[in-house]
Amino acid sequence: MSTTTPSTTPGTTPETRKPPTEKPVFSVEGLWKVFGPKAHRVPADPDLTALDPAALRERTGCTAAVRDVSFDVRKGEVFVVMGLSGSGKSTLVRCLTRLIEPTAGTIAIDGEDVRAMDKTRLRELRRHRAAMVFQHFGLLPHRTVLDNVAYGLEIQGIGKAERRERAAAVVAKVGLEGMEHRRPGQLSGGQRQRVGLARALAVDPEVLLFDEPFSALDPLIRRDMQEEVVRLHREEGRTMVFITHDLSEALKLGDRIALMRDGRVVQLGTPEEIVGSPADDYVREFVRDVPREQVLTVRTAMRAASADEAGNGPALAPDATVSEAIEAVARSGAPARVMEGGRCLGVVDHERLLAVVAGTEQREEVA
């Protein structure tokens with residue numbers, strides 16, 4: 001996840017990312033959500049699943065908001081689901097905790113079947129394990145910032161003294177120290193969203209689910225909130241699922257991105273994979289205007305080093321961006337070494353870096 005990329009330029013600085021472990025928090029397999037009469041028929045009928053959205057509506061009166069989606073969310077990663085309005089992304093995230101009931105498929109959190117949970121277990125999931133941060137803050141107007149943040153702890157039955165102490169610590173963490181006794185009506189939009197974020201953090205959930213939380217904010221406030229999410233993730237390593245329609249936001253925040261269209265995931269990969277190797281024309285058009293040099297890393301441009309090159313020149317980490325490499329090569333006038341663990345993996349030179357920017361690179365396998 002990026003920590004240094006300017007918000008005006010979509011991209012990542014992968015060397016600051018904390019690699020997630022492979023153990024999944026959420027596992028989703030063959031997930032469907034169909035709205036309409038006899039919705040359960042659709043996932044079970046291959047003839048119906050093959051229809052496009054318009055044909056499915058005409059034939060059955062149903063809309064498939066989520067169509068046969070599968071993915072894992074790894075512990076410690078920021079998993080972004082992005083797509084245009086109507087792509088199914090918000091329906092998908094609500095299915096994870098059954099705020100919307102799935103039609104078919106499996107959802108597991110830490111191996112536990114979410115669809116098999118009874119009301120008590122489901123309530124525990126939503127209160128303790130997976131906290132939601134919405135676009136609309138839903139703050140209680142008659143309560144102070146501190147009491148709004150402590151609300152989830154109150155629902156859990158935590159005593160007043162303890163919950164206020166824990167809430168105060170989280171208020172400080174999100175940059176609202178000194179505003180504990182203000183009411184929501186006395187706060188700006190960005191401050192109210194920080195209260196919403198603090199309220200979710202206060203219950204110490206295993207995973208945070210963000211449903212387009214910043215889309216209604218002014219651009220500068222939105223940038224500040226994105227940076228806040230980056231900072232919190234860097235400090236805590238908390239697992240996050242983030243829903244957005246904004247590509248620059250997805251590239252800035254995501255360790256991996258699932259790009260949706262018409263209820264399906266059309267590509268799932270790292271920002272570098274999606275920008276550097278679009279799966280189809282739809283994805284290619286989606287990322288057409290992204291500055292490639294801000295997203296792609298030197299691994300994309302690396303070639304084998306000669307004996308002389310391996311011992312000289314500036315050194316870069318394998319996950320340094322092409323933009324950073326261009327600056328290093330320009331300053332030194334020589335190819336830059338890609339170094340890992342004291343070993344030279346390869347080099348990048350001016351010609352290959354510019355080819356990556358232009359999208360004409362030919363990748364070379366480097367041992």
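- Using a distance-only test at 3.5 Å, with no hydrogens or angles considered, no donor-acceptor pair links the side chain of E162 to the main chain of G159.
- For the pair V290 and L247, the minimum side-chain heavy-atom distance is below 4.5 Å.
- A salt bridge links E228 with R194: at least one charged nitrogen is closer than 4.0 Å to a carboxylate oxygen.
- Pairing each heavy atom of A202 with each of V149, the nearest pair is CB-O, 3.6 Å.
- Electrostatic pairing of R121 and E112 counts as a salt bridge here, judged by a charged N lying under 4.0 Å from a carboxylate O.
- For CD of Q186, the number of neighbouring non-hydrogen atoms (other residues, nucleotides, ligands) closer than 6.0 Å is greater than 12.
- Here the side chains of W32 and D68 are in contact, with some heavy-atom distance below 4.5 Å.
- Relative ring orientation between F71 and F79 is described as parallel, the plane-to-plane angle staying below 30° on a 0-90° scale split at 30° and 60°.
- Going from atom CE of M179 over to atom CG of L146 covers 14.0 Å, rounded to the nearest 0.5 Å.
- Between V195 and V145, the shortest heavy-atom distance links the atoms CG2-CG1, 4.0 Å.
- With respect to the salt-bridge test (charged N to carboxylate O, under 4.0 angstrom), the residues D110 and K75 do not qualify.
- Side chain of R127 to main chain of G152: no donor-acceptor pair is present (N/O by atom type, distance under 3.5 Å, no hydrogens or angles).
- Salt bridge absent: K33 and E101 never bring a charged side-chain N and a carboxylate O closer than 4.0 Å.
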Quiz prompt | Criterion side chain to side chain contact (heavy atoms under 4.5 Å, CB included) on E58 and L51, from CA distance to verdict | solution = CA-CA 10 Å; E58 182 178 350; L51 297 175; over 6 Å; no

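- When only modelled atom types and interatomic distance are considered, D246 and T244 share no side-chain donor-acceptor pair under 3.5 Å.
- Side-chain contact between L208 and R238: present, with at least one pair of heavy atoms (C-beta onward) separated by less than 4.5 Å.
- Applying the side chain to side chain donor-acceptor pair (under 3.5 Å) test between T300 and each of R292, R352, E272 identifies E272 as the sole match.
- Under the 4.5 Å side-chain criterion, counting only non-hydrogen atoms from C-beta, V347 is not in contact with M302.
- No side-chain donor-acceptor contact under 3.5 Å links D147 to the backbone of R143.
- No donor-acceptor distance shorter than 3.5 angstrom exists from the side chain of T60 to the backbone of R57, with no hydrogens or angles considered.
- Between the E77 side chain and the R74 main chain, a donor and an acceptor come within less than 3.5 Å of each other.
- The pair E249-K252 does not count as a salt bridge, with every side-chain nitrogen at least 4.0 angstrom from each carboxylate oxygen.
- Salt bridge E227/R223: absent, no basic N to carboxylate O contact under 4.0 Å.
- The closest donor-acceptor contact from the side chain of S332 to the backbone of A334 lies under 3.5 Å.
- Electrostatic pairing of R166 and D204 does not count as a salt bridge here, judged by no charged N lying under 4.0 Å from a carboxylate O.
- The pair D262-R67 fails the salt-bridge criterion, with no side-chain N (NZ, NE, NH1 or NH2) lying under 4.0 Å from an Asp/Glu carboxylate O.
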